[in-house]
Novice: 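A single structure is presented below for examination.
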Amino acid sequence: MSNPRIVYLNGEFLPFAEARVPIMDRGFLFADGIYEVSAILDGRLVDNAAHLARLDRSLGEIGIRNPYSLAEWIALETELVARNAVAEGLVYMQVTRGVAERDFAFPSADTPPTVMMFTQAKNVSANPMAETGAKIITVPDIRWKRRDIKSIALLAQVLAKQQAAEAGVAEAWMVEDDAVTEGASSTAFIVTKAGAIVTRPLSTALLPGITRLSVLRLAEEAGLSLEERLFSVAEACAAAEAFYTSASAFVMPVVSIDGHVVGDGKPGPLTRRLRELYLGMARESA
Ligand code: PMP
């Protein structure tokens with residue numbers, strides 16, 4: 001018999017079914033909170049310090065005090081992963097501005113934030129889609145202007161992912177002013193015919209992807225050519241390769257965009273190499 005799923009809520013490890021949040025939680029009423037996701041590989045957390053640094057930054061940007069130190073976060077995550085015996089998958093961390101009578105402005109400073117964490121067991125390393133490559137669509141980017149904050153307000157991404165699901169594809173790349181901003185839950189990359197790896201520079205227009213950061217570092221260490229600049233859907237369709245990165249997909253090849261075949265319709269050599277480099281780094285450092 002498998003153990004029951006255990007989640008973390010406000011200082012307690014609880015069976016999933018017993019974890020309850022009041023209806024006046026500001027996360028529920030206003031999406032007033034942020035979240036973070038780290039991958040688990042071989043039972044260990046991948047790129048976790050960087051994810052926790054982004055969590056701290058997201059909290060700071062919306063004026064919620066970080067309830068835990070880095071060491072406390074790591075201890076809680078580690079215990080949750082162990083209690084659920086997750087060898088491969090994801091750990092989600094979510095912090096909201098807490099529970100208070102409905103009113104837009106912040107509640108009193110002594111209102112404790114709501115802290116919730118759960119794990120998902122998932123085959124992240126041996127994902128069959130990495131072999132075939134992902135098909136994607138593009139959609140208009142209808143989000144707000146502080147996309148650098150990992151907000152739990154994900155309605156635009158929900159709608160984008162639903163469009164992708166209805167089109168029978170894995171991801172949607174969001175487009176604004178003729179340039180790809182990012183995927184609905186990933187960072188977008190292309191590889192030019194000259195072999196340069198291209199991704200959008202960081203700004204408030206997109207989330208600073210943690211996997212993006214590691215992939216850029218690994219590419220640089222491997223002596224590959226990098227260009228941080230905007231690119232259009234037309235350039236992506238005509239590129240040699242395309243891929244996206246995220247904590248859950250690692251490095252995922254893209255083989256078709258809005259029905260246009262990218263390259264030869266198979267995962268490209270540079271993309272495969274970056275996936276291997278990332279998995280190697282994740283297995284060593286985790
Ligand atoms: N952009 C968006 C909008 C995302 O939701 C994600 C997934 N968290 C990413 C990019 C990729 O970020 P990371 O590599 O840190 O998972």
Side-chain angles (χ1 to χ4, degrees), residues 31 33-41 45-59 61 73 77 88-95 117-118 120 122 124-125 127 130 134 136-164 170-176 179-190 197 199-219 228 230-231 242-252 254 271 274-275 277-279 281-282 285-286:
I34 59 88
Y35 76 113
E36 201 45 66
V37 189
S38 287
I40 307 157
L41 201 57
L45 294 155
V46 179
D47 260 343
N48 191 46
H51 282 284
L52 290 173
R54 188 174 64 187
L55 180 144
D56 186 65
R57 179 183 181 274
S58 293
L59 286 171
E61 291 298 308
W73 275 113
E77 291 176 280
E88 258 202 48
L90 301 167
V91 54
Y92 282 80
M93 296 153 263
Q94 181 162 322
V95 182
M117 298 171 52
F118 62 88
Q120 280 183 343
K122 207 171 171 178
V124 279
S125 68
N127 184 341
I136 65 162
I137 55 167
T138 62
V139 298
D141 197 335
I142 60 169
R143 296 175 299 163
W144 74 327
K145 293 182 177 157
R146 287 303 307 277
R147 302 159 190 160
D148 54 314
I149 298 169
K150 199 161 170 61
S151 162
I152 58 170
L154 293 168
L155 189 50
Q157 285 96 318
V158 167
L159 297 177
K161 288 280 193 185
Q162 179 59 21
Q163 268 185 265
E171 176 63 305
W173 279 7
M174 299 180 287
V175 181
E176 182 174 67
V180 174
T181 47
E182 58 185 332
S185 65
S186 61
T187 307
F189 289 76
I190 57 171
I197 297 160
T199 196
R200 188 177 178 116
L202 296 185
S203 69
T204 51
L206 75 166
L207 188 76
I210 301 304
T211 319
R212 170 193 187 280
L213 196 67
S214 286
V215 164
L216 289 181
R217 194 192 64 244
L218 290 164
E228 285 187 70
L230 273 57
F231 63 87
F243 64 94
Y244 57 84
T245 63
S246 72
S248 54
F250 297 144
V251 177
M252 184 58 63
V254 169
T271 304
L274 288 171
R275 184 176 174 86
L277 285 172
Y278 187 82
L279 279 167
M281 183 281 294
S285 68

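Computed over heavy atoms, backbone and side chain alike; hydrogens, waters and symmetry mates excluded. Atoms within a ligand are numbered from 1 in the order they appear, just like the ligands themselves.
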Novice: Note down each nitrogen or oxygen pair, ligand 1 side and protein side, whose separation is under 3.5 Å; give only atom names and the distance to 0.1 Å.
Specialist:
unit_1	atom_1	unit_2	atom_2	d
ligand 1	1 (N)	Glu182	OE1	2.6
ligand 1	1 (N)	Ser186	O	3.4
ligand 1	8 (N)	Lys150	NZ	2.6
ligand 1	14 (O)	Ile210	N	3.4
ligand 1	14 (O)	Thr211	N	3.0
ligand 1	14 (O)	Thr211	OG1	2.6
ligand 1	15 (O)	Arg54	NH1	2.8
ligand 1	15 (O)	Arg54	NH2	3.0
ligand 1	15 (O)	Ile210	N	2.8
ligand 1	16 (O)	Ala247	N	2.8

Novice: Identify, with sequence neighbours excluded, every residue that meets ring-ring contact (aromatic ring centres under 6.0 Å, His included) alongside Phe250.
Specialist: Tyr278
Novice: Between Glu88 and Ser125, is there a side-chain donor-acceptor contact under 3.5 Å, judged purely by atom types and distance?
Specialist: yes
Novice: Please confirm whether the backbone N or O of Ala205 pairs with a side-chain atom of Thr181, one donor and one acceptor, at under 3.5 Å?
Specialist: no
Novice: Test Glu61 against every option in Arg146, Lys150, Arg54 by the salt bridge (Lys or Arg N to Asp or Glu O under 4.0 Å) rule and name the one that passes.
Specialist: Arg146
Novice: Report yes or no: does Thr245 contribute a side-chain atom to a donor-acceptor pair with the main-chain N or O of Ala188 at less than 3.5 Å?
Specialist: no
Novice: Show the numbers, then the answer: is there a side-chain hydrogen bond (donor to acceptor under 3.5 Å, both in side chains) between Ser185 and Lys161?
Specialist: CA-CA 9 Å; Ser185 65; Lys161 288 280 193 185; 2.8 Å; yes
